[in-house]
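Take a look at the structure below.
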Amino acid sequence: MTTGTATSTFLPPSGAPDAADLGLAWQTGFDRLGPQYLTYLRPRPLATPYWVGTSPACAEWLGLDTAAFASPEALEAFAGNRPVAGTRPYSTVYSGHQFGVWAGQLGDGRAMTLGEAARGPAGGGLEVQLKGGGPTPYSRGGDGRAVLRSSIREFLCSEAMHGLGIPTTRALCVVGADTPVRREEIETAAVVTRVAESFVRFGHFEHFAHQGRIDELRVLADYVIDRYYPALRDSPAFGGNPYAGLLDAVAARTAAMVARWQAVGFCHGVMNTDNMSILGLTIDYGPFQFLDAFDPGHICNHSDHQGRYAYNQQPNIAYWNLFCLGQALLPLIGDTETAMAALEPYRSTFPREYLGCMRAKLGLADARDGDADLLDALLKLLAANRTDWTIFWRRLSRHVAGDSAEPVRDLFLDREGFDAWLLRYSERLPQAGRALAADSMLNTNPKFVLRNHLGEQAIRAAKQKDFSEVETLRTLLAAPCDEHPGFDDRAGFPPDWASTIEISCSS
């Protein structure tokens, strides 16, 4: 394992004169595990940083006074230029499978966790992490920087997914600087501050299991169980085996998360095992995309030449990744039969959760035989007509609320086919509860999602130091089902040039 620091300097003590006091109480978290799991280091400063975007909602969740965003002290802290009182930043080591191939040691190549803030839901801790703060021992020769483009995308999508009710890491703020960074072209640097209950990934377990370091694997598993799944200690499931219980719980959470991805038309783009959260959170926003025209085989990542992470492959890939986690936990679980039994919840939970999500999108409050066939017929129509995913669901919601069916019919070349389906759907939809169904649909099917072209427009403006569109999108995406009068253009069809946007792993 690589040890040491990227800059050969540690942060000064938390009481140092230049330390920024953000008004947060910090506590020991993942760093209690010791040097086998992480390396302490100091972010590399950015010259003349400036605010690009801030999330008051995330600040409130963290317990940070939003007045901090007006503070030069906070700007310097979130740029990585100034130590934060009470913290000692670190980066963690992990391994993983990338595009289905074992990649060996990876780790936080450009992420540094400041620490765990002792404010969160029910008093729990929240990890605060700088992404783009400079090189770490796990950067594999990279500069450890994030660019403005990718940082804006992660900031907006993290908060957008939260607004959609999908489990996710959060984004507190983005700080930019004119420091040049070379990617496919010269870009400028940025740091996005991420917040989550934990950033532990499947790859953390794979790292120690693959090296045969079973004692350290057990310490890691015990930490995760005791911190995030304490009920497993007293559970009789799997003969009282808490490690099998951990796999079972993670499988269920992952199934629920991916079901919600599919329902909203979200493509992650790079579902490597090191990008999978042990808490079932959407993590690592790189080449993601929300569907425009519905194409089940859509590939959003231009680095994914084989289509491994296509939209319709995501449920299977999630199970494949869970199988890898099961292999990593096998030395603790004890036998293959028990491990496979612990994976079984995914096979049952995903279809149930997915169908439940889709019933909600259709305004169906109860489950009936034939619902799956009704949905399958609709998906075939949407695919054959390449119907815009988000606009279809919103217009259908408006129709159920009393609007004409014509705006929905206009989305289909095969109008006869759609009319036949709409008749089936109308017969299934209880007329007595139609108003309730419409209200539910309008609060389920978003009007606004972070389409690629919207993000691109915000990025182009931000490169000219105009951050107004970043703030506009953040506001809209925080409440994506609201009407937001005056912003219908952000809910319209993508322009023709949107199809030329290429998003890759470097994004």
Side-chain angles (χ1 to χ4, degrees), residues 27-34 36-38 92 94-96 113 116 118 120-127 166-169 196-210 212-260 273-283 318-350 352-353:
Q27 63 189 24
T28 302
F30 185 89
D31 53 336
R32 74 181 63 166
L33 298 184
Q36 303 96 316
Y37 303 88
L38 55 88
T92 70
Y94 49 81
S95 296
T113 300
E116 184 174 295
L126 294 173
E127 293 181 3
I166 297 174
T168 181
T169 59
E197 290 178 84
S198 174
F199 287 96
V200 173
R201 306 145 185 273
F202 291 10
H204 282 95
F205 295 86
E206 289 185 287
H207 179 76
F208 296 103
H210 192 266
R213 297 160 63 180
I214 307 307
D215 289 343
E216 287 140 306
L217 175 67
R218 188 183 305 277
V219 168
L220 174 63
D222 286 342
Y223 166 78
V224 169
I225 290 169
D226 292 339
R227 282 296 309 274
Y228 306 108
Y229 299 95
L232 296 178
R233 291 297 184 193
D234 300 319
S235 173
F238 306 104
N241 186 326
Y243 307 110
L246 174 62
L247 182 58
D248 174 279
V250 176
R253 287 197 184 195
T254 302
M257 175 189 70
V258 177
R260 284 158 177 76
T273 57
D274 57 295
N275 292 339
M276 298 293 292
S277 161
I278 203 68
L279 298 185
L281 306 175
T282 312
I283 192 171
Y319 182 79
W320 192 94
N321 290 340
L322 285 162
F323 186 85
C324 291
L325 177 62
Q327 287 183 310
L329 289 171
L330 189 57
L332 307 182
I333 292 173
D335 64 90
T336 302
E337 183 178 351
T338 302
M340 292 304 296
L343 286 172
E344 189 58 32
Y346 186 88
R347 293 180 178 273
S348 56
T349 301
F350 174 77
R352 182 179 67 250
E353 290 280 342

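Quick note: residue numbers are just sequence positions, from 1. What's counted below: heavy atoms across the whole structure, side chains too, no hydrogens, waters or symmetry copies. All of these numbers come straight from a predicted model, not from anything done at the bench.
Taking all atoms of both residues into account, the shortest heavy-atom contact from Pro242 to Gly240 is CD-O, 3.1 Å. Among all heavy-atom pairs drawn from Gly96 and Thr273, the shortest one is CA-OG1, 3.3 Å. Residues Ala209 and Ala328 approach most closely at CB-O, 3.4 Å, considering heavy atoms. Tyr319 and Leu343 get closest at one heavy-atom pair: CE1-O, 4.0 Å. In terms of heavy-atom proximity, Leu281 sits nearest to Ala196 at CD1-CB, 4.2 Å.
Judged by distance alone, the side chain of Ser235 and the main-chain N or O of Ala231 form no donor-acceptor pair under 3.5 Å. Side-chain atoms of Thr282 come within 3.5 Å of backbone N or O of Pro167 as a donor-acceptor pair. A distance-only check finds no donor-acceptor pair linking the side chain of Thr349 to the backbone of Tyr346 [under 3.5 Å]. The backbone N or O of Leu246 sits nowhere less than 3.5 Å from a side-chain atom of Asp248 that would complete a donor-acceptor pair. Counting only distance, with no hydrogens or angles, the side chain of Tyr228 and the backbone of Glu197 share a donor-acceptor pair below 3.5 Å. Counting only distance, with no hydrogens or angles, the side chain of Arg227 and the backbone of Val224 share no donor-acceptor pair below 3.5 Å.
Other residues, nucleotides and ligands contribute at most 12 non-hydrogen atoms within 6.0 Å of the CZ atom of Phe323.
Looking at Leu232 and Asn241, their side chains never come closer than 4.5 Å, going by heavy atoms from C-beta outward. Counting only heavy atoms from C-beta outward, the side chains of Tyr229 and Val250 approach each other to under 4.5 Å. Side-chain contact between Leu322 and Phe202 is present, with at least one heavy-atom pair separated by less than 4.5 Å. Between Asp274 and His207, the closest side-chain pair of non-hydrogen atoms is not below 4.5 Å. Side-chain contact between Glu116 and Thr28 is absent, with no heavy-atom pair separated by less than 4.5 Å.
For Tyr223 and His204, the ring centers sit 6.0 Å or farther from each other.
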Should Thr254 and Phe350 be marked as a side-chain contact (heavy atoms from CB on, under 4.5 Å) after you check the CA-CA gap, both sets of side-chain angles, and the distance that decides it? CA-CA 8 Å; Thr254 302; Phe350 174 77; over 6 Å; no
Given ring pair (Phe, Tyr, Trp, His ring centres under 6.0 Å), test Phe30 with Phe199 step by step and report yes or no. CA-CA 9 Å; Phe30 185 89; Phe199 287 96; over 10 Å; no
Would Phe208 and Arg218 satisfy side-chain contact (heavy atoms from CB on, under 4.5 Å), going step by step from the backbone distance to the final call? CA-CA 9 Å; Phe208 296 103; Arg218 188 183 305 277; over 6 Å; no
Using the rule given for side-chain contact (heavy atoms from CB on, under 4.5 Å), can you reason through Leu33 versus Leu38, listing the C-alpha separation, both sets of side-chain angles and the distance that settles it, and then say yes or no? CA-CA 8 Å; Leu33 298 184; Leu38 55 88; 5.6 Å; no
For a side-chain contact (heavy atoms from CB on, under 4.5 Å) check, start with the C-alpha distance between Leu325 and Glu206, then their side-chain angles and the critical distance, and finish with the verdict. CA-CA 7 Å; Leu325 177 62; Glu206 289 185 287; over 6 Å; no
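How far CG of Leu330 is from OG1 of Thr338: 9.0 Å, rounded to the nearest 0.5 Å. Remark: Leu279 CG to Thr169 OG1 distance equals 11.0 Å, nearest 0.5 Å. Phe205 CZ to Leu247 CG: the interatomic distance, rounded to the nearest 0.5 Å, is 10.0 Å.
Between Glu353 and Arg260 there is a salt bridge, since at least one side-chain N of the basic residue sits less than 4.0 Å from a carboxylate O of the acidic one.
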